[in-house]
Enquirer: 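Input: one structure, supplied below.
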Amino acid sequence: MSLRVYNTLTREKEAFQTIEPGKVSMYLCGPTVYKPAHIGHMVGPVIFDTVKRYLTYSGYDVTFIINITDVDDKLINKAQEKGVTVKALADAMTADYMDNLQLMGVDTIDKFPYATDHIGDMLEMIQKLIDKGHAYPLNGDVYFAVTTDDDYGKLSHRSVDSMMAGTRVEANDQKRNPADFALWKSSKPGEPAWDSPWGPGRPGWHIECSAMSSKLLGDSIDIHGGGLDLMFPHHENELAQSECASGKCFVRYWMHNGLMQSGKNTGKVGGQHDRHGDSSAEDQIAGKLAGSAGAESVKTAVFAHHHPEAVRFFLLSTHYRSPIDFSSENIANTAKGLDGFYRLFENFERITGVSAYSLTVPTTREQSTSMEGLPAELARELGELRDRFLEAMDDDFNTGGAIGNLFEMRRVINGYVTQNKLEDAATPEQKAILTTAVTVLQELAQLIGVFRKPVQKSAGADDEFVAGLMGLILELRADVRREKNWAAADKIRDRLKELNVTVEDVKDGPARWSRS
RNA sequence: GGUGCCGUAGCCAAGCGGCCUAAGGCGACGGAUUGCAAAUCCGUUAUUUCCCCGGUUCGAAUCCGGGCGGCACCUCCA
């Protein structure tokens, strides 16, 4: 089995072959940093972070870049509106973006190039396009001439003619063709400006990606990613510029992820569900779709209600090319599914004395965890599940299909624990077997970037004072239980439940408790 | 108008011509376990069925045609 990747350019899944053996260059279009990151901004990074993890596991040396577009009309307008400098606004919004990526466990990005650090590279590329006759200056602007590129439209499968049929292209008599787009825009007084052969100005929207990609990864790269919405015009234009400038194939595999949408905006859900309770997360999307820029960051709008790991797992539970229907309800369901894993890890630690998060897991497929020493049946089941997981990932990063195997592994491991009553007592051999089994699970979990560290329990769980009180209460409860005073024992448990504290009795030893 | 995508159980979701008498999760219902619970394990929950109607094929949820329904982009939004 080998990796296959869906290529937007050909509209087919293709065998994955890199330009340079063993190496992968990957560029993902990042945000224009003019407002706080919304949940939709997290989709691409999470997906491509997962792609990188899997490619690395598969033995590739991957270079992964996400650009930060820190000069743009929207940014300029927003800064003026707020009365701050463009740079101050961009810096603040970039920091917010990075914060959120960190919370989502996206940390495989090698470099975040800033558009404003590469103005020179853009000017060079623009000049080259003019020299080759693909671009022309016009009143201080520079435009790309789409009709000089025979291939123009090959990514989004549109022809220049068909685009004329739409109503969107505003008339500009000056441009040679209405579809021509700006590579360089002259600046008005008070706007950020850089000197250029055509006068002071700033780059057009698409040129920064072309210039930075070529500068940092080379004229031809393996993977270029982004949201489906960017396919046209952004990627189409990037493609045209880059190939006309370099004369080489720009991108080997174009990967586009589906967009997130709010339940409120889908007739399907809106018609059937009675949404209730907190919905600021949905509002964040709805607001976005309605065109009003949300003021709240993901951090406050979403992560206040849902653990980032649940959000990440949710994003990966469906295929990356499908649209995903965001709702608090859906994420809450995902979170419930994850709880079972956390409990398994807690159990594991109690039995073996080792944290499931500190296990050494293989980082490449070649060094995959050995099943040696496991009972035959367990080895067979785990082996099959691992194979199926990897098979799904090999099939265009089918995380949704892969994840099912994680749940089955959980079931198999829990079965081993239950059958052998490991919670009562475990031999060193049994501990070793359990450790191997959990290592296999963790090996796969790291590929989708989850279960890397313990999820932060809600406030109070690690508060010494609360822990002390709980210890006292449970001690008293243990006393009345010994006296078989069930009424009192149940009252304590029920009342705690009302306070969102769940008590679970353990056969021998102190009861467990957790806050929700 | 142009370019695409989608329609699988109560909900989410995998499935890319035979291993589908269709993964997995959430929910629900039984059973084991428990003082009772919780957690865990076992079982049941689409078995003339994969929106409908035709067709191709030895064989289709999977391919083709036609409906119906939903969605996205073509508006510098990831």
Side-chain angles (χ1 to χ4, degrees), chain A residues 4 8 11 13 28-32 37-45 47 66 69 72-74 153 156-159 161-170 181-182 204-206 225-234 237 256-261 265-269 271-273 288-289 291 293 313-314 317-319 321-325 327 329-330 332-340 343-344 346-347 388 392 395-396 398-408 411 414-419 423 481 484-486 489-490 493-494 497 502-507 511-512 514:
Chain A
R4 289 159 56 76
T8 308
R11 308 280 157 113
K13 275 186 212 167
L28 176 68
C29 285
T32 299
H38 62 71
I39 184 68
H41 285 124
M42 298 293 111
V43 179
I47 287 167
I66 298 184
T69 298
D72 173 89
D73 291 0
K74 289 191 303 263
S156 56
H157 292 206
R158 294 157 209 251
S159 66
D161 292 342
S162 78
M163 278 179 276
M164 295 308 98
T167 52
R168 58 153 208 94
V169 183
E170 82 277 16
F181 55 90
W205 178 30
H206 321 293
L228 208 49
D229 55 338
L230 292 183
M231 187 171 82
F232 187 90
H234 185 56
N237 292 169
H256 289 97
N257 60 270
L259 304 181
M260 180 172 271
Q261 44 194 262
N265 290 280
T266 60
K268 187 182 171 192
V269 179
Q272 291 178 358
H273 279 266
K288 141 120 187 99
L289 293 179
F313 202 80
F314 171 68
S317 67
T318 177
H319 190 92
R321 276 188 280 120
S322 308
I324 186 160
D325 187 18
S327 74
E329 190 187 327
N330 286 347
N333 279 358
T334 301
K336 278 184 199 158
L338 287 176
D339 279 341
R343 270 193 297 266
L344 168 60
E346 275 172 35
N347 247 344
R388 274 195 263 152
D395 184 11
D396 194 28
N398 184 357
T399 51
I403 279 173
N405 297 293
L406 246 34
F407 282 96
E408 292 209 60
R411 199 198 73 234
N414 274 332
Y416 177 75
V417 171
T418 305
Q419 274 166 31
E423 292 196 74
R481 286 187 77 220
K484 300 207 191 304
N485 184 351
W486 308 127
D490 291 348
R493 191 173 59 196
D494 293 345
K497 186 73 199 172
T502 305
V503 174
E504 297 177 35
D505 291 323
V506 177
K507 201 155 195 162
R512 285 177 224 164
S514 62

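Basis for what follows: all heavy atoms, side chains included, without hydrogens, waters or symmetry-related copies. None of the values given here were measured: they were computed from a predicted structure. Just so it is clear: chains get the letters A, B, ... in the order the sequence lines come, proteins before strands, and each one is counted from 1.
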Enquirer: To the nearest 0.5 Å, what is the distance between CZ (Phe314(A)) and CG (Asp325(A))?
Expert: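 One finds 6.5 Å between CZ of Phe314(A) and CG of Asp325(A).
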Enquirer: How far, in whole Å, is U57(B) from U3(B) if one measures between their P atoms?
Expert: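 Here U3(B) and U57(B) have their P atoms 30 Å from each other.
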Enquirer: Report the base-pairing partner of A61(B) (Watson-Crick or G-U wobble, both distances below 3.5 angstrom), or none.
Expert: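 Answer to the pairing question: none, since A61(B) forms no Watson-Crick or G-U pair.
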Enquirer: Give a yes or no on whether a salt bridge exists between Glu346(A) and Arg343(A), defined as a side-chain N under 4.0 angstrom from a carboxylate O.
Expert: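 Looking at Arg343(A) together with Glu346(A), the answer is no, because their closest N to O distance does not fall below 4.0 Å.
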Enquirer: Heavy atoms only, 4.0 Å cut-off, all strands: where does Asn347(A) land among base, sugar-phosphate and nothing?
Expert: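 If one applies the 4.0 Å heavy-atom cut-off, Asn347(A) turns out to touch nothing in the nucleic acid.
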Enquirer: Under the rule for side-chain contact (heavy atoms from CB on, under 4.5 Å), what residues qualify as partners of Ala335(A), not counting sequence neighbours?
Expert: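 Checked Ala335(A) against side-chain contact (heavy atoms from CB on, under 4.5 Å); matches are Ala310(A).
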Enquirer: Write down the distance between CD (Glu346(A)) and P (U40(B)), rounded to a whole number of angstrom.
Expert: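 Those two atoms, CD and P, are 11 Å apart.
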Enquirer: Searching all strands shown, indicate the nucleotide that pairs with A72(B) (Watson-Crick or G-U wobble; both distances under 3.5 Å).
Expert: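 The answer is U3(B), by the H-bond criterion.
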Enquirer: For the C1' atoms, the ones on A22(B) and on A61(B), what distance do you get once it is rounded to whole angstrom?
Expert: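 Comparing C1' positions in A22(B) and A61(B) gives a spacing of 8 Å.
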Enquirer: Considering every strand and a 4.0 Å limit on heavy-atom distances, what is the contact class for Pro31(A): base, sugar-phosphate, or nothing?
Expert: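 Contact class for Pro31(A): sugar-phosphate only.
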Enquirer: Which residues pass the salt bridge (charged side-chain N to carboxylate O under 4.0 Å, His left out) test with Lys13(A), not counting sequence neighbours?
Expert: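 Here the qualifying residues are Asp395(A).
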Enquirer: Starting from P on C73(B), measure out to CG on Asn257(A) and report it in whole angstrom.
Expert: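 Going from CG in Asn257(A) over to P in C73(B) covers 13 Å.
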Enquirer: Rounded to the nearest angstrom, tell me the gap between atom CG in Leu259(A) and atom P in C5(B).
Expert: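 In whole Å, C5(B) P and Leu259(A) CG are 15 Å from each other.
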Enquirer: Suppose you measure atom C1' in C11(B) against the same atom in U56(B); what distance do you get, rounded to whole Å?
Expert: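 One C1' to the other, the span is 36 Å.
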Enquirer: When both hydrogen-bonding distances must be under 3.5 Å and the geometry is Watson-Crick or G-U wobble, what is U48(B) paired with, if anything?
Expert: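 Per the H-bond distance test, none.
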Enquirer: With a cut-off of less than 4.0 Å, is there a side-chain N or O of His157(A) near OP1 or OP2 of G4(B)?
Expert: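 True: His157(A) side-chain N/O within range (under 4.0 Å) of G4(B) OP1/OP2.
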Enquirer: Determine the Euclidean distance between corresponding P atoms of U33(B) and G24(B); express it in Å to zero decimal places.
Expert: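 26 Å, rounded to whole Å.
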Enquirer: Answer with base, sugar-phosphate or nothing: what part of the nucleic acid does Lys336(A) contact at a heavy-atom distance below 4.0 Å?
Expert: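 Sugar-phosphate, backbone atoms only, no base.
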Enquirer: Which nucleotide, in any strand shown, forms a Watson-Crick or G-U wobble pair with C26(B), with both distances under 3.5 Å?
Expert: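 Result: G10(B).
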Enquirer: In whole Å, what is the span from the CZ atom of Arg4(A) to the C1' atom of C16(B)?
Expert: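 Distance check: Arg4(A) CZ to C16(B) C1' gives 9 Å.
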Enquirer: Distance check: side-chain N/O of Asn414(A) vs OP1/OP2 of C41(B), anything under 4.0 Å?
Expert: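 Indeed, a polar side-chain atom of Asn414(A) lies that close.
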Enquirer: Between the protein and nucleotides 31-36 of chain B, list every N/O to N/O distance that falls short of 3.5 Å.
Expert:
{"from": "G35(B)", "atom 1": "N7", "to": "Arg481(A)", "atom 2": "NH2", "distance (Å)": "3.3"}
{"from": "G35(B)", "atom 1": "O6", "to": "Arg481(A)", "atom 2": "NE", "distance (Å)": "3.3"}
{"from": "G35(B)", "atom 1": "N1", "to": "Asp490(A)", "atom 2": "OD1", "distance (Å)": "2.9"}
{"from": "G35(B)", "atom 1": "N2", "to": "Asp490(A)", "atom 2": "OD1", "distance (Å)": "3.4"}
{"from": "G35(B)", "atom 1": "N2", "to": "Asp490(A)", "atom 2": "OD2", "distance (Å)": "2.5"}
{"from": "C36(B)", "atom 1": "O2", "to": "Arg493(A)", "atom 2": "NH2", "distance (Å)": "2.5"}
{"from": "C36(B)", "atom 1": "N3", "to": "Arg493(A)", "atom 2": "NH1", "distance (Å)": "3.0"}
{"from": "C36(B)", "atom 1": "N3", "to": "Arg493(A)", "atom 2": "NH2", "distance (Å)": "3.0"}
{"from": "C36(B)", "atom 1": "N4", "to": "Asp505(A)", "atom 2": "OD2", "distance (Å)": "3.2"}

Enquirer: Which part of the nucleic acid does Val503(A) contact within heavy-atom distance under 4.0 Å: base, sugar-phosphate only, or nothing?
Expert: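 If one applies the 4.0 Å heavy-atom cut-off, Val503(A) turns out to touch a base.
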Enquirer: If we take the P atom in both U47(B) and U21(B), what is their distance in whole Å?
Expert: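 Taking atom P in both U47(B) and U21(B), they lie 14 Å apart.
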Enquirer: Can you tell me how far C1' in G15(B) sits from the matching atom in A60(B), rounded to whole Å?
Expert: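 It comes out at 13 Å once rounded to the nearest Å.
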Enquirer: Give, for atom CZ of Arg321(A) and atom CG of Asn398(A), the distance between the pair rounded to the nearest 0.5 Å.
Expert: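 That separation rounds to 9.5 Å.
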Enquirer: Please identify each residue that fulfils side-chain contact (heavy atoms from CB on, under 4.5 Å) with Leu259(A), with sequence neighbours left out.
Expert: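 Leu259(A) satisfies side-chain contact (heavy atoms from CB on, under 4.5 Å) with Leu228(A), Asp229(A) only.
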Enquirer: Write down the atom of Gln261(A), the atom of Pro323(A), and the distance for their closest heavy-atom approach.
Expert: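 Closest approach of Gln261(A) to Pro323(A), heavy atoms only: NE2-CB, 3.3 Å.
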Enquirer: If you pin Lys13(A) and Gly340(A) to their nearest nucleotides in RNA chain B, which one's is more 5'?
Expert: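 This one resolves to Lys13(A).
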Enquirer: Between A13(B) atom P and Phe313(A) atom CZ, what is the distance in whole Å?
Expert: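 After rounding, the reported distance stands at 14 Å.
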Enquirer: Can you name the salt bridge (charged side-chain N to carboxylate O under 4.0 Å, His left out) partners of Arg512(A), sequence neighbours left out?
Expert: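 By the salt bridge (charged side-chain N to carboxylate O under 4.0 Å, His left out) rule, Arg512(A) matches Glu423(A), Glu504(A).
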Enquirer: For atom P, what is the distance between U62(B) and A28(B), given to the nearest Å?
Expert: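 33 Å, rounded to whole Å.
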Enquirer: Using the side-chain heavy atoms of Asn330(A), tell me which of these nucleotides is nearest: C12(B), A14(B), C71(B).
Expert: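 Selected nucleotide (nearest to the side chain): C12(B).
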Enquirer: For Asp72(A), which residues count as a salt bridge (charged side-chain N to carboxylate O under 4.0 Å, His left out) partner, sequence neighbours excluded?
Expert: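 Not a single residue meets the salt bridge (charged side-chain N to carboxylate O under 4.0 Å, His left out) criterion with Asp72(A).
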Enquirer: Whole-Å distance between C6(B) P and Arg321(A) CZ?
Expert: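 It is 8 Å, rounded to the nearest whole Å.
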Enquirer: Pick base, sugar-phosphate or nothing for His206(A), based on heavy-atom distances below 4.0 Å to the nucleic acid.
Expert: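 Contact class for His206(A): none.
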Enquirer: Compare the minimum distances between each of U40(B), A78(B), C71(B) and the side chain of Thr418(A), then state the nucleotide with the smallest one.
Expert: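 Minimum distance to the Thr418(A) side chain belongs to U40(B).
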Enquirer: Phe181(A): which residues meet the ring-ring contact (aromatic ring centres under 6.0 Å, His included) condition with it, sequence neighbours left out?
Expert: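 With sequence neighbours excluded, Phe181(A) shows a ring-ring contact (aromatic ring centres under 6.0 Å, His included) to Phe144(A), His206(A), given in chain and number order.
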Enquirer: Closest-nucleotide mapping onto RNA chain B: is Gly337(A) or Arg343(A) further toward the 5' terminus? I mean the 5' end.
Expert: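 Final value for this comparison: Gly337(A).
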Enquirer: Starting from P on U3(B), measure out to CG on Asp229(A) and report it in whole angstrom.
Expert: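 So the CG-P distance, Asp229(A) to U3(B), works out to 20 Å.
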Enquirer: Between A72(B) and G43(B), how many Å separate the two C1' atoms, rounded to a whole number?
Expert: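 Nearest-Å result for A72(B) against G43(B) at atom C1': 43 Å.
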Enquirer: For U40(B), give its Watson-Crick or G-U wobble partner with both distances under 3.5 Å, or none.
Expert: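 With both distances under 3.5 Å, U40(B) matches A32(B).
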Enquirer: Before accepting this row, confirm whether a basic side-chain N of the pair Arg493(A)/Asp490(A) lies closer than 4.0 Å to the acidic partner's carboxylate O.
Expert: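 Salt bridge present between Arg493(A) and Asp490(A).
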Enquirer: The side chain of Arg11(A) lies closest to which of these nucleotides: A39(B), G4(B), C76(B)?
Expert: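 Nearest listed nucleotide: G4(B).
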Enquirer: Protein within reach of the bases, or only the backbone? For nucleotides 17-24 of chain B, mark each nucleotide 5' to 3' as B, S or -, using heavy atoms under 4.0 Å.
Expert: ------BS
Enquirer: For Asp325(A) and C6(B), what is the distance between atoms CG and P respectively, to the nearest whole Å?
Expert: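 Spelled out: CG on Asp325(A) to P on C6(B) is 16 Å.
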Enquirer: Name the nucleic acid region contacted by Gly225(A), choosing base, sugar-phosphate or nothing; use a 4.0 angstrom heavy-atom cut-off, strictly under.
Expert: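 Touches nothing.
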Enquirer: Heavy atoms, side chains only, cut-off 4.5 Å: are Ile324(A) and Met260(A) in contact?
Expert: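 Yes; the side chains approach each other to less than 4.5 Å.
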Enquirer: Mind checking side-chain contact (heavy atoms from CB on, under 4.5 Å) for Asn333(A) and listing every partner two or more places apart, or none if nothing turns up?
Expert: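 By the side-chain contact (heavy atoms from CB on, under 4.5 Å) rule, Asn333(A) matches Lys336(A).
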Enquirer: In the strands shown, is G17(B) matched to any nucleotide by a Watson-Crick or G-U wobble pair with both distances under 3.5 Å, and which?
Expert: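 Base partner found: none.
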